[in-house]
2 protein chains.
Amino acid sequence: MKQATVWDRSRQLARQEILEAAVRLFTTQGYDRTTTSEIAAEAGVSQRTLFRYFGTKEDLVCGDQDALGELLRTTVESQPPEVSAWAALRAGFLVLATANHSLDLTLTLSKLIFATPSLQASYVQKRLRWQQDLLPAVRDRLGGGSERELEARIVIAVSFACVDASTATWVASDGTEDIEALYDQAITVARSAK
Amino acid sequence: MKQATVWDRSRQLARQEILEAAVRLFTTQGYDRTTTSEIAAEAGVSQRTLFRYFGTKEDLVCGDQDALGELLRTTVESQPPEVSAWAALRAGFLVLATANHSLDLTLTLSKLIFATPSLQASYVQKRLRWQQDLLPAVRDRLGGGSERELEARIVIAVSFACVDASTATWVASDGTEDIEALYDQAITVARSAK
DNA sequence: TGCCAGTGTGTCAGTGACTGCCAAGATGGC
DNA sequence: GCCATCTTGGCAGTCACTGACACACTGGCA
């Protein structure tokens, strides 16, 4: 199954180049003040090609999120059965944090998302989908029955809230704090708060 | 301070007419397959006027949410001091449920939002803002210190998750079930799940 | 009654994201 | 070298949305 890869390589290269140009312009000019044709020109491709690689302007920032959601779900599902729902989710989040290509790029993109309302919307929407996709696995881990559906929703929502809180703190600290510790701290608060 | 109200009345009327036309077209054709100029024509105004009343196409569906968020916040803040954070939030949500103009319209719009991804995004985003606005009040009710900020975030997130779950169930039941009971059920699950 | 300021509306042109279509060039298998 | 396949660029068009301008209407004041 060895692929010819001349096309594949150039595709990969073009994609990379477009992405870099986009991030460069976004960080210097801001997301809203950067047009897609500008990015295309900077990357040396036509606007049409840009939209073939990234279906949406938002995808230039949030596009990789889809793959991350998939990674999260499979990680949670592949935890051994004796692992609790809480622990399974924690494991999934940790894999995400370490799987992120470069912490530096992650920090840059996170700042961009936090600073741009329209990006926040698409980011939150993608995360909502993650939560939906996690429902079956978490429900099964809680005991299975459809009565556990509500409980599963809550467990997932709380876990994500902890990710949010710790991520926000992490970004605010410019990436100096330890995300894992922050998450555990948030979970501790959540499970004792009542 | 009696207002002249000839303008006000015609403004109110135009707004109402645009809104009704929009809902009519959205429910019959779907949100994405309805253009703003179509709505304007149906309402008998120019497209420009439509955008003066509703800054965004999404606002035609989610526009009133802003006022609701304000109502939620003031309700929570005005609860007596001895009321717990959980109870204060519950009180706020109840006011929202009953304050909704018409349950019928609410049900229609909710279905529209649930069925349209782009609407979900703006809906969720607005609700995120509500959560932020609620932070100070809830934190104070939990004891005040900045250490309570994380806890406040969690309490709010869990409460909203319960609203989500109960609303989803309510919409799925076509509005026949009692939202208040559903919410209490969700909260019970949330506070015992751990 | 006539004038004037404030406000609402329509028209028009324009921007920016995004899509369908088609022609041209590059690539790889034969 | 030939042909199917893939990729790209250009172009026209749609749709959401905005700024600018002119016109009309309302209410207050002289």
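Residue numbers begin at 1 in each chain, while the letters A, B, ... track the order of the sequences. Since we're looking at a predicted model, the values are computed, not measured.
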Roughly, in whole Å, what's the span from [atom1] in [X] to [atom2] in [N]?
X	N	atom1	atom2	answer
B:Lys57	D:dC15	NZ	C1'	8 Å
A:Leu13	C:dA26	CG	C1'	16 Å
A:Glu58	C:dC18	CD	C1'	12 Å
A:Glu38	C:dT15	CD	P	14 Å
B:Phe51	D:dC15	CZ	C1'	9 Å
A:Arg52	C:dA17	CZ	C1'	16 Å
A:Leu50	D:dG10	CG	P	14 Å
B:Phe54	D:dT18	CZ	P	15 Å

Requested in this report: Tell me whether the OP1 or OP2 atom of C:dG8 has a side-chain N or O from B:Tyr53 closer than 4.0 Å.
Outcome: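 B:Tyr53 to C:dG8 OP1/OP2: no side-chain N or O under 4.0 Å.
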Report task. May I ask you to evaluate whether B:Thr36 reaches the phosphate of D:dA16, defined as a side-chain N or O under 4.0 Å from OP1 or OP2? Result -> yes
Test your reading of the model: is there a side-chain donor-acceptor pair from [X] to the backbone of [Y], 3.5 Å cut-off?
X	Y	answer
A:Glu38	A:Thr35	yes
B:Arg141	B:Val83	yes
A:Arg129	A:Gly69	no

Query raised in the report: Is there a side-chain contact between B:Thr28 and B:Thr34 (heavy atoms, below 4.5 Å)?
Result: no
Query raised in the report: When all nucleic acid strands are considered with a 4.0 Å heavy-atom cut-off, which category describes A:Ser10: base, sugar-phosphate, or nothing?
Result: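 Answer is nothing: A:Ser10 stays at 4.0 Å or more from every strand.
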Query raised in the report: What is the nucleic acid contact for B:Thr34, judged by heavy atoms within less than 4.0 Å: base, sugar-phosphate only, or nothing?
Result: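 Contact class for B:Thr34: sugar-phosphate only.
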Query raised in the report: Charged N to carboxylate O under 4.0 angstrom, B:Asp164 versus B:Arg127?
Result: yes
Report task. Output yes when B:Asp32 and B:Lys57 qualify as a salt bridge under the 4.0 Å nitrogen-oxygen rule, no when they do not. Result -> no
Report task. Look at the side chain of A:Thr35 and decide which nucleotide, out of D:dC15, D:dC17, C:dA17, has an atom nearest to it. Result -> C:dA17
Requested in this report: Return yes if a side-chain donor-acceptor contact under 3.5 Å exists between B:Thr36 and B:Gln47, otherwise no.
Outcome: yes
Report task. Establish whether the base of C:dG8 is bridged to the side chain of B:Arg48 by a donor-acceptor pair shorter than 3.5 Å. Result ->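 No, the side chain and the base share no sub-3.5 Å donor-acceptor pair.
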Requested in this report: Could you check which residues of residues 14-29 of chain A get a heavy atom under 4.0 Å from DNA chain C? Sort them by number, please.
Outcome: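 Result for residues 14-29 of chain A: none.
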